[in-house]
Every structure is written in C-alpha cells, then in structure tokens.
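One structure below.
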Amino acid sequence: MAEPQQLLSRRAPQVAPKLLGWTLSHTTEAGTVTVEITEVEAYAGAADPASHAYRGPSPRNEVMFGPAGFLYTYFTYGMHWCANVVTGPDGEASAVLLRAGRVIEGAELAWLRRGAKVAERSLARGPACLAQALALGKDQNGANLLGKGEVRLEPGRRIKPAAITAGPRVGISVAAETPWRFWLTDDPTVSTYKRSPRAPAL
DNA sequence: AGATAGATGGAT
DNA sequence: TCCATCTATCTG
C-alpha cells in the first residue's frame, strides 16, 4: 500500500475505486463515528461537465483546486450536505464523492443524528445520509483528512478488484453514461441507483 | 435582478 | 411522483 498522500494525488477516476474499504472518522464532543466506505463517485474537474469545478474556481469549490487529501463539503437541494475527498495534483479540481458507507464505530451517535428509526445499514447509505451520520457540513469544508485532525481518512481492509462494480453516476444530467461510480458488489449499505430525471434518454 | 437546475432523500 | 427549500451560476 502506497502512502495515502501519494495515492490520492492521482486523478479521481483512478483513486475512487481504491477508496473502497477505507475508513473515514469524525470526532466531536459527542464522540467518534467511523464508516467504512462502500460506494464512491469520481468527478474529474475541468474535464468533466458533471463536476462542480467544470466552470473554474468559485468560492464554493475552491478547496477542490487545492492539494489532495482535503475534505470538500457542499450544500445541495436546500437541505443536504455531501462530502468529497479532494484528489489529484495541486491545482487540478479532481474529487471523489463519498456516496455510502458502513458505520463501524459510533453507531449509537449516528442513530442520534439520523433518527432512531433508520435501519442500521441505512445509517450512511446515500451521500447526504453519510454526511449527516458523520456530522460533516460547512465547518468541515477544507479539513485536512490525513493529519491528526477531527476528520481522518485512513486505508482500511483491502478490497479485491473482483468485489468492486463500476457503473454510471447517480443524479446527474450530463455525462450520465460515464461509469465513474464504484461500489462493493451486493453490499447492503450501497445506495440504490436512480438515474436523474433530467438525464437525456438512452 | 430574476430564474433555475441541482453530485438528495423521504413521504405519497 | 412530488416535495422541502438553499445556493451558485447563468440570463437579460
């Protein structure tokens, strides 16, 4: 296993499948929640019309243009936060959206944040649910994931390439066929695929 | 200045 | 299928 920093410095489509099985932790006053990442999507910046960074830097996406290993969070649909790991060389706005994970530490705290009714496998199923379970939001944007900070990304169990499936990304209306979504095959914590209603017909 | 689409999720 | 409901970005 290469150093995390080195691995993350490649472009998103290359990094994304390798993040499966890694762990993301967030420690707050309330405690620590850790998830094992089970589903991701790659966004390739300037080369990718579906990326937030496609039209260049802005106040929202500026952290994507920085070095790899930092957290990019954004607010969407008026109510949801989503979390990305910035990848690629400094200056290139490559990022991996964390779509789903399995809570392996702090499930009780995650239930507190998500609501007591949700099934265990759904605690971090879907990008906004994952962000909510981990309490990732505005304040965590730009956090260094590779240090000793409150949010940490660490290599986890090794995933066999045969256990990974690739397919089209979810919820986007452009580049809807590009197979840059990666997940652990048959994992119950992976979100169900829904094509964007705005995506062009096949 | 105003419009609108959007890397969603949950209820209906 | 629709709704909640905010922000970045595009259009005029």
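The model shown is predicted, which means the values in this text are computed figures rather than measured ones. A note on names: the letters A, B, ... follow the listed sequences, proteins ahead of strands, and every chain is numbered from 1.
- Per the stacking criterion (ring centres < 5.5 Å, plane angle < 30°), A:Tyr74 does not stack onto the base of B:dA7.
- At whole-Å resolution of the value, CZ in A:Phe75 and C1' in C:dA4 are 10 Å apart.
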Extract from the structure each pairing of a protein N or O with an N or O of nucleotides 8-12 of chain C at less than 3.5 Å, listing the distance.
| residue | atom | partner | partner atom | Å |
| --- | --- | --- | --- | --- |
| C:dT9 | OP1 | A:Ser58 | OG | 2.8 |
| C:dT9 | OP2 | A:Ser58 | OG | 3.4 |
| C:dC10 | OP1 | A:Arg55 | NE | 3.1 |

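- Here A:Ala128 lies in heavy-atom contact (under 4.0 Å) with sugar-phosphate atoms only.
- Side-chain atoms of A:Arg11 do not come within 3.5 Å of backbone N or O of A:Glu92 as any donor-acceptor pair.
- We find that CD of A:Gln132 is positioned 12 Å from C1' of B:dT8, with the value rounded to whole Å.
- Rounding to whole angstrom units, CG of residue A:Leu130 and P of B:dG9 are separated by 10 Å.
- The side chain to side chain donor-acceptor pair (under 3.5 Å) pairs that include a residue from residues 43-71 of chain A are A:Glu41-A:Tyr43, A:Asp48-A:Arg169, A:His52-A:Tyr72, A:Ser58-A:Asn61, where partners are two or more places apart or lie in different chains.
- Rounded to a whole Å, the CZ atom of A:Phe182 is 15 Å from the C1' atom of B:dA7.
- Under a hydrophobic-cluster definition in which Ile, Leu, Val, Met, Phe, Trp and Tyr are linked whenever side-chain heavy atoms come within less than 4.5 Å, directly or via other members, A:Ile159 and A:Val40 are assigned to the same cluster.
- Straight-line distance from the OH atom of A:Tyr77 to the C1' atom of C:dT5: 13 Å, rounded to whole Å.
- A side chain to side chain contact (heavy atoms under 4.5 Å, CB included) with A:Leu136 is found for one member of A:Asn84, A:Val33, A:Leu24 and no other, namely A:Leu24.
- With hydrophobic clusters built from ILVMFWY side chains whose heavy atoms lie under 4.5 angstrom apart, A:Ile37 shares a cluster with A:Leu146.
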Query raised in the report: If you write DNA chain C from 5' to 3' in dot-bracket form, with Watson-Crick or G-U pairs under 3.5 Å, [ ] for crossing pairs and | for pairs with another strand, what do you get?
Result: ||||.||||||.
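- Taking atom NE2 on A:His80 and atom P on B:dT8, their separation rounds to 9 Å, with Å as the unit.
- Side-chain atoms of A:Ser191 and A:Glu39 form a donor-acceptor pair, as typed in the model, at a separation below 3.5 Å.
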